[in-house]
Peer 1: 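Take a look at the following structure, please.
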Amino acid sequence: MTADLPRQVRLVDVGPRDGLQNESQPIAVADKVRLVDDLTDAGLRYIEVGSFVSPRWVPQMAGSAEVFAAITRRPGVTYAALTPNLKGFEAALAAGVREVAVFAAASEAFSQKNINCSIADSLARFAPLMEVARAEGIRVRGYVSCVLGCPYEGQIAPEQVAWVARELRQMGCYEVSLGDTIGTGTAGSTRRLIETVARDVPREQLAGHFHDTYGQALANIHASLLEGISVFDSSVAGLGGCPYAKGATGNVATEDVLYLLDGMGIETGVSMPKLVAAGQRISRVLGRKNGSRVARALLARG
Ligand SMILES: CC(C)(COP(=O)([O-])OP(=O)([O-])OC[C@H]1O[C@@H](n2cnc3c(N)ncnc32)[C@H](O)[C@@H]1OP(=O)([O-])[O-])[C@@H](O)C(=O)NCCC(=O)NCCSC(=O)C[C@@](C)(O)CC(=O)[O-]
């Protein structure tokens with residue numbers, strides 16, 4: 001289908017979590033806090049701040065509770081954390097987190113590498129978490145990884161993605177983010193995927209999460225917009241990569257998505273100059289070239 005383009009899009013900046021989780025160099029809590037505060041100031045209404053996972057698996061996220069304790073929360077902004085199980089959920093709750101995300105995969109091999117269990121077991125692990133979340137009034141978002149390809153299994157059938165997305169929705173996730181973890185999707189495969197998944201999960205409850213490894217992320221976001229999707233995950237300065245997907249680059253840069261949406265007259269509430277400054281600051285902290293082409297172009301123009 002070709003839907004009417006949305007008037008507004010919600011951008012979910014996952015830079016502080018997905019963007020930084022793969023960094024091997026130590027990053028000070030103060031720098032993480034500054035990044036989240038800069039994103040708040042730039043007008044992002046949803047920021048994924050950190051994760052409560054095993055520090056043995058992802059050491060960089062070990063300080064997430066300290067980050068949550070120090071950020072300046074603005075009313076109307078969601079500050080979320082990733083939680084793989086009840087233990088992580090309880091730690092997030094103790095840190096004052098009011099929205100979490102659970103994460104499953106559409107690929108059995110990736111599920112094993114990422115969270116050390118099968119897809120079915122991961123869904124079973126989420127059940128007690130969902131129960132406590134309901135009781136505590138915490139909203140839960142769901143992720144499905146490897147929706148357009150897996151680093152271990154190759155092609156993934158859209159029907160397999162639809163199954164996992166349906167399960168997440170049925171257990172209470174209010175939104176399911178479809179992750180192209182290794183960035184192999186194209187505009188064509190993205191549209192076919194959404195058409196299949198939307199038979200089980202309404203488009204209003206789906207989000208797109210594109211990595212830019214093959215340079216296709218903006219094309220895939222445009223294809224998703226035409227399919228009626230209006231929530232996109234991205235990472236300021238294109239930070240990131242996945243520890244369990246060799247060679248995967250960062251999420252599509254938030255600045256680049258904003259440029260696309262601004263050009264289409266779609267509102268996000270995000271300020272480009274402030275966003276570019278936030279991306280440039282964290283890139284300097286990491287000693288990295290800014291991963292956003294738009295940011296680099298705007299900065300070169302002065
Ligand atoms: C899921 C587990 C914990 C299973 O790991 P496991 O080793 O199978 O867990 P376990 O239940 O056997 O427990 C082993 C130890 O871990 C501890 N443990 C158990 N749970 C927790 C927790 N929540 N927080 C802290 N510690 C925990 C537990 O207490 C125990 O400690 P010990 O008794 O040995 O001292 C592990 O595999 C893990 O933490 N994986 C996280 C991997 C991860 O964070 N990956 C990146 C995020 S997903 C992603 O980036 C994709 C996404 C979302 O962006 C979308 C896309 O692009 O595709």
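In each ligand, atom 1 is the first atom listed, and ligand 1 is the first ligand listed.
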Peer 1: Would you mind finding which of Asp233, Asn114, Asp121, Leu129 brings a heavy atom closest to atom 42 (C) of ligand 1?
Peer 2: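 Among Asp233, Asn114, Asp121, Leu129, the closest heavy atom to atom 42 (C) of ligand 1 belongs to Asn114.
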Peer 1: Just by distance, with hydrogens left out, do Arg203 and Ser224 show a side-chain donor and acceptor under 3.5 Å apart?
Peer 2: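 No - no donor-acceptor pair under 3.5 Å links their side chains.
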Peer 1: Give the atoms of ligand 1, by number and element, whose distance to some non-hydrogen atom of Gly88 is under 4.0 Å.
Peer 2: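 It comes down to these atoms of ligand 1: 23 (N).
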Peer 1: Quick one: CG on Leu35 to CG on Asp13, what's the gap to the nearest 0.5 Å?
Peer 2: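 With rounding to 0.5 Å, CG (Leu35) is 7.0 Å from CG (Asp13).
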Peer 1: Which word best sums up how the rings of His209 and Tyr143 line up, parallel for under 30°, tilted for 30 to 60°, or perpendicular for over 60°?
Peer 2: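 Taking Tyr143 first and then His209, their aromatic rings stand perpendicular (interplane angle over 60°).
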Peer 1: For ligand 1, note which part of Asn85 has a heavy atom under 4.0 Å away: side chain, backbone, both or neither.
Peer 2: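 For Asn85, the contact with ligand 1 is made by the side chain alone.
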Peer 1: Run the numbers for me: atoms of ligand 1, each under 4.0 Å from some heavy atom of Asp18, listed by number.
Peer 2: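 Reading through ligand 1 atom by atom, the close ones are 50 (O), 54 (O).
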Peer 1: When you check the side-chain N and O atoms of Tyr79 and Thr40, is any donor under 3.5 Å from an acceptor?
Peer 2: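 Result is yes, a qualifying pair exists.
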Peer 1: Below a 4.0 angstrom heavy-atom separation, can you tell me which part of Arg125, side chain or backbone, both or neither, approaches ligand 1?
Peer 2: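 Near ligand 1, Arg125 shows its side chain, while the N, CA, C and O stay back.
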Peer 1: What are the atoms of ligand 1, with element, lying closer than 4.0 Å to any heavy atom of Thr181?
Peer 2: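 Answer, ordered by atom number: 56 (C), 57 (O), 58 (O).
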Peer 1: Can you name the atoms of ligand 1, numbered from 1 with element, that are less than 4.0 Å from a heavy atom of Phe52?
Peer 2: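 Selected atoms, number and element: 22 (C), 23 (N), 24 (N).
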Peer 1: What side chain to side chain donor-acceptor pair (under 3.5 Å) pairs are there with at least one residue in residues 268-286, not counting sequence neighbours?
Peer 2: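 Residue pairs with at least one partner in residues 268-286: Gln280-Asn290.
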Peer 1: Would you tabulate the side-chain donor-acceptor contacts of residues 63-71 under 3.5 Å, counting partners in other chains and residues two or more places apart, or write 'none'?
Peer 2:
from: Ser64; atom 1: OG; to: Ser51; atom 2: N; distance (Å): 3.1
from: Ser64; atom 1: OG; to: Ser51; atom 2: O; distance (Å): 3.1
from: Ser64; atom 1: OG; to: Met61; atom 2: O; distance (Å): 2.8

Peer 1: Could Asp212 and Arg293 be called an ion pair, given the rule that one side-chain N must be under 4.0 Å from one carboxylate O?
Peer 2: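 Salt bridge between Asp212 and Arg293, a charged N being under 4.0 Å from a carboxylate O: no.
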Peer 1: Would you say ligand 1 has an N or O under 3.5 Å from any N or O of Tyr143?
Peer 2: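 In this structure, Tyr143 places no N or O atom under 3.5 Å from an N or O of ligand 1.
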Peer 1: Under a plain distance cut-off of 3.5 Å, with no hydrogens placed, do Tyr46 and Glu99 share a side-chain donor-acceptor pair?
Peer 2: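 Distance-only check passes for Glu99 and Tyr46.
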Peer 1: Any idea which atoms of ligand 1 are less than 4.0 Å away from a heavy-atom of Leu82?
Peer 2: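 Those qualifying, in numeric order: 47 (C).
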Peer 1: Within the 4.0 Å heavy-atom shell around His211, which atoms of ligand 1 are there?
Peer 2: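 Counting atoms of ligand 1 from 1, those under 4.0 Å from His211 are 57 (O).
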Peer 1: Where's the contact between Met61 and ligand 1, heavy-atom distance under 4.0 Å: side chain, backbone, both or neither?
Peer 2: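 No part of Met61 comes within reach of ligand 1.
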Peer 1: With respect to Met171, which candidate in Leu123, Val140, Val102 satisfies the side-chain contact (heavy atoms from CB on, under 4.5 Å) definition?
Peer 2: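 One option only clears the test, and that one is Leu123.
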Peer 1: Is the contact between Val14 and ligand 1 made by the side chain, the backbone, both, or neither, using heavy atoms and a 4.0 Å cut-off?
Peer 2: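 The answer is neither.
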Peer 1: List ligand 1 atoms under 4.0 Å from Asn116, heavy atoms only on the residue side.
Peer 2: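 By the 4.0 Å cutoff, the relevant atoms are 6 (P), 7 (O), 8 (O).
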Peer 1: Has Ser111 got a side-chain atom pairing as donor or acceptor with Ser107's backbone, closer than 3.5 angstrom?
Peer 2: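 Such a contact is absent between Ser111 side chain and Ser107 backbone.
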Peer 1: Output yes when Glu175 and Arg10 qualify as a salt bridge under the 4.0 Å nitrogen-oxygen rule, no when they do not.
Peer 2: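 Yes, this pair counts.
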Peer 1: Check each heavy atom of Pro84 against ligand 1 and say whether those closer than 4.0 Å belong to the side chain, the backbone, both or neither.
Peer 2: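 Pro84 to ligand 1: side-chain contact only, backbone stays beyond 4.0 Å.
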Peer 1: Nearest non-hydrogen atom to atom 27 (C) of ligand 1 belongs to which of His209, Lys87, Arg141?
Peer 2: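 Result: the heavy atom closest to atom 27 (C) of ligand 1 is in Lys87.
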Peer 1: Check each atom of ligand 1 against the heavy atoms of Gln21 and keep those under 4.0 Å away; list them by number with element.
Peer 2: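 Reading through ligand 1 atom by atom, the close ones are 46 (C), 47 (C), 50 (O).
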Peer 1: Of the side chain and backbone of Val53, name the one, both, or neither that has a heavy atom under 4.0 Å from an atom of ligand 1.
Peer 2: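 Both the backbone and the side chain of Val53 come within reach of ligand 1.
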Peer 1: How does Arg17 reach ligand 1, if at all, at less than 4.0 Å between non-hydrogen atoms: by side chain, backbone, both, or neither?
Peer 2: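 Side chain only; the backbone of Arg17 stays clear of ligand 1.
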Peer 1: Consider every N or O of Cys146 and every N or O of ligand 1, then say whether any pair is closer than 3.5 Å.
Peer 2: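 Cys146 vs ligand 1: no N/O contact under 3.5 Å.
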Peer 1: Between Arg125 and Asp121, does at least one N-O distance fall below 4.0 Å, as a salt bridge requires?
Peer 2: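 Salt bridge between Arg125 and Asp121, a charged N being under 4.0 Å from a carboxylate O: no.
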